[in-house]
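Just so it is clear: chains get the letters A, B, ... in the order the sequence lines come, proteins before strands, and each one is counted from 1. Every heavy atom of this structure was used, including side-chain atoms; hydrogens, water molecules and symmetry mates were not.
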Amino acid sequence: MARRERDSLKRSLFKIDRLRRRLLRWYDQNKRDLPWRGSHDPYAIWVSEIMLQQTRVAAVVERYQVFLKRFPSLMSLALAKEDEVLALWSGLGYYRRARMLHKAAQFVAQNYYGSLPKKSEELRELPGIGEYTAAAIASIAHGEPVAVVDGNVERVLSRLAGWDESAKLRRRIGELAALMVDPERPGDFNQAMMELGAMVCLPRSPRCTECPVAIDCNTRGEHKTQKRAPMKSVAIAHALSVRTSVRKSERDRGGREVLLEHRPTTECIMPGMWELPQLIEAEVPSEELRMTVRHAIMQTNYYVRIRTVFEDDVARLTLAKGERRWVAFGEAREMALTGLARKVLTRAHLLSTAPLDMIAPAREEDLI
DNA sequence: CAGACGTGGAA
DNA sequence: TTTCCAAGTCT
């Protein structure tokens, strides 16, 4: 930021103070009641911040509670196997987050006696913790007066300052945020900025009439966004192969199994996750078509055909890239499935938590 | 510094 | 229906 600009902002500190007070008052009165709010456990805050990276609050809420119930402490997470951590992350996406969270927990267990470092500078050293997350944890858990800059803050400050999209914007935003963060309540201030971005200062159609700091705003909500690559469409097909377990112990429980395939750990996307075997032909005879789903990954819409395949036909019809396993339905539910596999099995009622004899479909022809 | 990395739900 | 995006990080 130019010297003149900074001096001007310093002369206007009374304005910044006013903005802080308005923002925090609004936050105190309007903040959503989220599971991680009010927790002072740095570990719990850490987990929430990692889960929230590029992921909507609504998608995180339930997963966060399940995760914390299974791994209530950093040590319990550090002691877990990666497969189980990934299983709890299944469907959330960006699985590298889960791996790095796990790795970092093990590192902290080894080198910090299980307690996260307090300073943002030290947090920054841990895998998966970047500028944003380090500042978020340090300010929320320990009151360190550092500002966070996420997508919300970037948008809110761009509009407040009246800056448009340009080079170096990111750096100027960071400097402005650092100047503005409330040294008395940095954690609340940071969350308030993000809450404002999420609830009021929306990317499209901002609710300026509800904005507590509209009086300080230099724009009326205009905000340019970057152009994005166009979506692609790809047709693929997967096999849904179900059999009655050959293991007597499973059969006695009425156990049925689905065939899953392990994605090679060398895959760049979702390595080590479990999915349904891929069919060689994307075309599927209509009488064998079990369901169709659309599944978007990154910039691609996958139009997915799910075909039922008899065990005897699996080798002929599918392309094997990794280890395969017949897995009892109840077991599959606890595995690190890809989002697509979880979606398909859920829609086929194969992951039900109901007793096995209650599992739909009642009609045999629905299954095979 | 681009580009890669997942997903479901809103518009 | 298709697009757009959400509390980023790593390479």
Is the shortest side-chain N to carboxylate O distance from [X] to [Y] below 4.0 Å?
{"X": "A:Arg185", "Y": "A:Asp28", "result": "yes"}
{"X": "A:Lys119", "Y": "A:Glu144", "result": "no"}
{"X": "A:Lys321", "Y": "A:Glu261", "result": "no"}

Under 4.0 Å, counting only non-hydrogen atoms across every strand here, what does [X] touch: a base, just sugar-phosphate, or nothing?
{"X": "A:Gln191", "answer": "nothing"}
{"X": "A:Arg347", "answer": "nothing"}
{"X": "A:Thr133", "answer": "sugar-phosphate"}
{"X": "A:Pro230", "answer": "nothing"}
{"X": "A:Arg37", "answer": "base"}

Residues in residues 268-277 of chain A with a heavy atom under 4.0 Å of DNA chain B, by number, are A:Cys268, A:Ile269, A:Met270

Within residues 85-107 of chain A, those residues having any heavy atom closer than 4.0 Å to DNA chain B are A:Gly91, A:Leu92, A:Gly93, A:Tyr94, A:Tyr95, A:Arg96

Could you tell me how far apart [X] ([atom1]) and [N] ([atom2]) are, to the nearest whole angstrom?
{"X": "A:Ile137", "N": "C:dT9", "atom1": "CD1", "atom2": "P", "answer": "9 Å"}
{"X": "A:Glu125", "N": "C:dT9", "atom1": "CD", "atom2": "C1'", "answer": "14 Å"}
{"X": "A:Gln53", "N": "B:dG6", "atom1": "CD", "atom2": "P", "answer": "13 Å"}
{"X": "A:Arg56", "N": "B:dG6", "atom1": "CZ", "atom2": "C1'", "answer": "13 Å"}
{"X": "A:Arg294", "N": "B:dG9", "atom1": "CZ", "atom2": "P", "answer": "11 Å"}
{"X": "A:Glu62", "N": "B:dG9", "atom1": "CD", "atom2": "C1'", "answer": "15 Å"}
{"X": "A:Met51", "N": "B:dT7", "atom1": "CE", "atom2": "C1'", "answer": "14 Å"}
{"X": "A:Arg63", "N": "B:dG9", "atom1": "CZ", "atom2": "C1'", "answer": "15 Å"}

Under a plain distance cut-off of 3.5 Å, with no hydrogens placed, do [Y] and [X] share a side-chain donor-acceptor pair?
{"X": "A:Arg256", "Y": "A:Thr244", "answer": "yes"}
{"X": "A:Glu49", "Y": "A:Tyr132", "answer": "yes"}
{"X": "A:Arg324", "Y": "A:Thr318", "answer": "yes"}
{"X": "A:Gln54", "Y": "A:Arg97", "answer": "no"}

Side chain of A:Thr338, base of B:dG6: donor and acceptor closer than 3.5 Å? no

Please confirm whether any donor atom in the side chain of A:Arg204 sits under 3.5 Å from an acceptor in the base of C:dC4, or the reverse. no

Counting only side-chain N and O atoms of [X], is one of them less than 4.0 Å from OP1 or OP2 of [N]?
{"X": "A:Ser205", "N": "B:dA11", "result": "no"}
{"X": "A:Lys343", "N": "B:dT7", "result": "no"}
{"X": "A:Gln54", "N": "C:dA6", "result": "no"}

Contact check, residues 295-306 of chain A vs DNA chain C, heavy-atom distance under 4.0 Å, returns A:Asn301, A:Tyr303

Item checked: Of all pairs that satisfy ring-ring contact (aromatic ring centres under 6.0 Å, His included), the ones with a partner from residues 171-220 of chain A, not counting sequence neighbours ->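 For residues 171-220 of chain A: none.
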
Fellow cluster residues of A:Ile280, listed by chain then number, with links counted only when side-chain atoms sit under 4.5 Å apart: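 Members besides A:Ile280, by chain and number: A:Leu319.
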
*Aromatic ring pairing A:Phe67/A:Trp89, orientation class (parallel under 30°, perpendicular over 60°, tilted between)*: perpendicular

- Evaluate the criterion salt bridge (Lys or Arg N to Asp or Glu O under 4.0 Å) for residue pair A:Arg325 and A:Glu331; output intermediate values, then yes/no. CA-CA 11 Å; A:Arg325 272 186 10 202; A:Glu331 191 187 344; 3.8 Å; yes

Sorted by chain and number, sequence neighbours left out, salt bridge (charged side-chain N to carboxylate O under 4.0 Å, His left out) with A:Asp182 holds for none

To the nearest 0.5 Å, atom CZ of A:Phe329 lies from atom CD of A:Glu334 at 14.5 Å

Q) Rounding to the closest angstrom, what is the interatomic distance between B:dG8 and C:dT9 at atom P? A) 23 Å

The answer to which of A:Leu126 and A:Thr55 contacts DNA chain C further toward the 5' end, by nearest nucleotide, is A:Thr55

